[in-house]
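Mind looking over this structure? Questions follow.
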Amino acid sequence: MNVFEWSALGLILFGLVVPFWAIVVISAKGSRQSKSFGPSARYFAYSKVMDTLMAELKDGKTNRAPIVVASVRELKKYSEYRDISVLFLEEVSVNGNRKFDRVLEQELKTVEAEFLKVTND
């Protein structure tokens with residue numbers, strides 16, 4: 001092969017192949033980053049817990065009190081949303097003298113105190 005053929009081969013290699021692979025690498029990296037945008041699975045799980053909790057509190061049925069207590073306990077798993085949870089829990093008022101009313105009242109205080117302790121540390 002003479003100098004001209006080596007030059008042509010070099011231009012083809014560096015002029016077509018290298019930019020092609022660079023585009024492939026950049027687009028693959030971009031698609032990975034674009035998947036990180038948008039709500040996470042934890043957001044949807046937290047949203048479902050909050051929806052259940054709000055629906056149960058709005059409904060006001062007394063026979064569903066264990067679900068409310070379980071939902072309040074479930075909020076502890078989502079510490080990244082503790083500020084929202086604390087604001088929500090502060091607005092919940094417990095009326096009644098049944099066992100689950102006392103359990104719910106205690107659970108509200110416990111979860112709220114745990115979130116506030118984490119925030120203050």
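Reckoned from all heavy atoms, side chains included, excluding hydrogens, waters and symmetry mates.
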Can you find a pair of side-chain heavy atoms, one from Tyr81 and one from Met50, that are under 4.5 Å apart?
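Of all side-chain heavy-atom pairs linking Met50 with Tyr81, none is under 4.5 Å.
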
To the closest 0.5 Å, what do you measure between CZ (Phe115) and CD1 (Ile84)?
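Between atom CZ of Phe115 and atom CD1 of Ile84 there are 10.5 Å.
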
Would you please test Val94 and Arg102 for side chain to side chain contact (heavy atoms under 4.5 Å, CB included) and show each step?
CA-CA 8 Å; Val94 180; Arg102 299 297 71 130; 4.0 Å; yes

Pick out which of Val69, Val111, Leu53, Val49 makes a side-chain contact (heavy atoms from CB on, under 4.5 Å) with Glu74.
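That would be Val49.
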
Working note: Glu107 + Glu112, criterion side chain to side chain contact (heavy atoms under 4.5 Å, CB included); need CA distance, chi angles, decisive distance, verdict.
CA-CA 8 Å; Glu107 196 63 36; Glu112 188 177 338; over 6 Å; no

Is there side-chain contact between Asp101 and Glu105, with at least one heavy-atom pair below 4.5 Å?
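No, side chains not in contact.
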
Which class fits the ring pair Tyr78 and Tyr46: parallel under 30°, tilted 30 to 60°, perpendicular over 60°?
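Correct class here is perpendicular.
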
Spacing of Leu104 atom CG and Leu57 atom CG [to the nearest 0.5 Å]
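Between atom CG of Leu104 and atom CG of Leu57 there are 7.0 Å.
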
Tell me, yes or no, whether the heavy-atom count around Glu90 atom CD, taken from other residues, nucleotides or ligands under 6.0 Å, exceeds 12.
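More than 12 heavy atoms, drawn from other residues, nucleotides or ligands, come within 6.0 Å of this atom.
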
Whether over 12 other heavy atoms sit under 6.0 Å from Asn2 CG:
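Check passes, neighbour count above 12.
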
Under 4.5 Å between any side-chain heavy atoms of Leu75 and Leu89, yes or no?
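Leu75 vs Leu89: side chains touch.
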
Any non-hydrogen side-chain atom of Val3 less than 4.5 Å from a side-chain atom of Ser7?
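Val3 reaches Ser7 side chain to side chain.
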
